[in-house]
Amino acid sequence: MTHVAVLKGGRSLERQVSLRSGARVEDALGRLGHEVVSIDVGLDLIARLREAAPDVAFIAMHGRDGEDGTVQELLEILGIPYTGSGVLACVRAMDKVLAKHLMIEADIPTPDFFAFNETAFRELGAADALEAIEERLDFPIVVKPSSQGSALGIKFARGAADVPAALVAAFSYDSKVLLERHVDGRDLAVSILDGEPLPVVEAVPQGDEFYDFEARYEIGRTSFVCPAELGAEVTAHAHDLALRTYRLLGCEAFARVDLMLDAGGELTVLEANPIPGLTDTSLLPQAAEAARIGFDELVGRIVELALAKAPA
């Protein structure tokens with residue numbers, strides 16, 4: 001029996017999603033026979049970890065503190081093995097602008113974009129460059145905060161008049177934003193478990209034009225097709241791009257890579273998620289199920305991978 005601390009909640013805007021992921025993980029760990037301590041991450045995290053003295057920490061946190069390397073750094077200081085990717089991979093993946101620059105350098109296709117922070121916008125006159133940015137990206141464009149997950153703060157700008165409000169929304173979530181060429185096509189996700197890609201999932205929003213936060217987590221707002229109805233060549237290409245992105249960012253154990261497939265059959269990588277959701281509408285569990293890996297087995301394998309990389 002392994003003593004597992006499940007870290008969930010925290011102060012992220014994705015707190016409620018994290019609590020749902022954590023609760024499912026705790027139930028699975030209990031069924032697997034592990035001893036579980038549940039920790040809603042807060043100011044007493046270090047004290048609670050020292051008191052619990054777990055064999056491993058299962059990180060079910062999403063967004064700030066959980067996916068940006070913060071809690072991973074603390075666990076390393078305490079010498080507690082943990083699930084998922086290490087500090088550097090989390091830093092790279094959480095910052096969408098950094099991740100996209102790395103993709104471009106590695107010749108991984110990703111939609112064209114421009115990015116700037118609040119200082120550039122408010123103090124260096126970046127607002128005066130918006131017209132040039134809009135001309136080079138063409139409308140519609142997607143405006144998104146650099147370091148949020150679950151589609152939080154993402155807005156469409158169909159024309160120049162929509163850009164200011166979209167920027168205000170994005171800046172309310174982060175101090176750095178990116179304006180990205182909108183890819184009209186199919187929303188795909190490739191989850192990776194222990195270096196192997198799982199079946200591709202396609203998310204099809206019902207009655208919405210965009211796979212937003214509500215569509216992701218409200219049952220009935222989105223239908224999912226897994227395996228996605230793609231040809232063998234497109235599937236293989238999606239797997240290849242996802243694996244290249246996973247390795248480029250230094251991810252470990254498991255992660256999810258989001259892609260778009262346009263009408264011309266071209267695939268582009270949007271981003272990578274080092275701690276994908278584990279809720280009942282999340283994509284990683286659906287992909288695992290399609291690969292005949294049940295949720296309990298998935299959770300068990302994630303724990304085993306964390307223990308395997310722990311120092312002797």
Side-chain angles (χ1 to χ4, degrees), residues 1-95 145 147-150 152 173-175 217 249-255 273-280 282 284-285 295-296 298-312:
M1 179 176 65
T2 304
H3 188 193
V4 185
V6 177
L7 308 188
K8 61 183 183 179
R11 56 180 181 159
S12 163
L13 294 169
E14 297 174 72
R15 171 179 170 81
Q16 295 304 317
V17 178
S18 171
L19 291 173
R20 288 167 57 188
S21 288
R24 283 196 84 199
V25 168
E26 289 165 6
D27 289 344
L29 290 169
R31 289 189 293 268
L32 292 168
H34 297 297
E35 181 183 354
V36 179
V37 57
S38 175
I39 299 179
D40 188 343
V41 174
L43 292 174
D44 60 349
L45 173 61
I46 301 300
R48 295 192 64 184
L49 284 170
R50 284 177 169 157
E51 179 183 0
D55 299 313
V56 63
F58 195 114
I59 302 174
M61 301 170 67
H62 306 310
R64 181 181 180 186
D65 297 341
E67 288 184 87
D68 60 6
T70 300
V71 77
Q72 290 82 359
E73 195 93 66
L74 292 174
L75 290 165
E76 291 192 5
I77 291 170
L78 295 176
I80 299 173
Y82 56 87
T83 57
S85 298
V87 175
L88 181 56
C90 289
V91 170
R92 288 169 171 164
M94 186 68 176
D95 187 333
S147 300
Q148 289 293 337
S150 297
L152 285 166
Y173 286 91
D174 197 1
S175 61
Y217 296 109
L249 300 178
C251 296
E252 299 175 67
F254 69 108
N273 188 324
I275 306 182
L278 294 168
T279 72
D280 47 8
S282 295
L284 169 58
F295 187 75
D296 289 5
L298 173 65
V299 169
R301 288 181 64 176
I302 290 171
V303 171
E304 290 170 4
L305 290 168
L307 289 170
K309 73 175 183 180

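Heavy-atom basis, side chains included; hydrogens, waters and symmetry copies ignored. Since this is a predicted model, take the numbers as computed values, not measurements.
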Shortest non-hydrogen contact between [X] and [Y], atoms and distance:
X: Ala52; Y: Val37; answer: CB-CG1, 4.0 Å
X: Ser12; Y: Gly63; answer: OG-CA, 3.8 Å
X: Val41; Y: Leu45; answer: CG1-CD2, 3.9 Å
X: Ile302; Y: Phe58; answer: CG2-CE1, 3.6 Å
X: Tyr82; Y: Lys309; answer: O-CE, 3.4 Å
X: Ala93; Y: Pro274; answer: CB-CD, 3.7 Å

I'd like to check [X] versus [Y] (side-chain heavy atoms, cut-off strictly below 4.5 Å). Are they in contact?
X: Val299; Y: Arg31; value: no
X: Leu7; Y: Leu75; value: yes
X: Arg64; Y: Leu13; value: no
X: Ile46; Y: Ile77; value: no
X: Glu67; Y: His62; value: yes

Sidechain-backbone polar pair: [X] side chain, [Y] backbone, donor-acceptor under 3.5 Å:
X: Ser85; Y: Cys251; answer: no
X: Asp296; Y: Ala28; answer: no
X: Thr2; Y: Val4; answer: no
X: Ser282; Y: Thr279; answer: yes
X: Thr83; Y: Ile59; answer: yes
X: Gln16; Y: Gly9; answer: no

Results of salt bridge (Lys or Arg N to Asp or Glu O under 4.0 Å) for Arg11 - residues two or more places apart only: Asp65
Listed partners of Asp40 passing salt bridge (Lys or Arg N to Asp or Glu O under 4.0 Å), at least two apart: Arg15
Criterion side-chain contact (heavy atoms from CB on, under 4.5 Å) on Leu74 and Leu49, from CA distance to verdict: CA-CA 10 Å; Leu74 292 174; Leu49 284 170; over 6 Å; no
Return the [atom1] to [atom2] distance between [X] and [Y], rounded to the nearest 0.5 Å.
X: Ile275; Y: Cys90; atom1: CD1; atom2: SG; result: 5.5 Å
X: Gln72; Y: Leu88; atom1: CD; atom2: CG; result: 11.5 Å
X: Ile39; Y: Glu26; atom1: CD1; atom2: CD; result: 10.0 Å
X: Leu19; Y: Arg24; atom1: CG; atom2: CZ; result: 14.5 Å
X: Leu298; Y: Phe254; atom1: CG; atom2: CZ; result: 8.0 Å

CA sep, side-chain torsions, deciding dist, call: Val36, Val25, side-chain contact (heavy atoms from CB on, under 4.5 Å): CA-CA 10 Å; Val36 179; Val25 168; over 6 Å; no
Side chains of Ser38 and Lys8, donor plus acceptor under 3.5 Å: yes
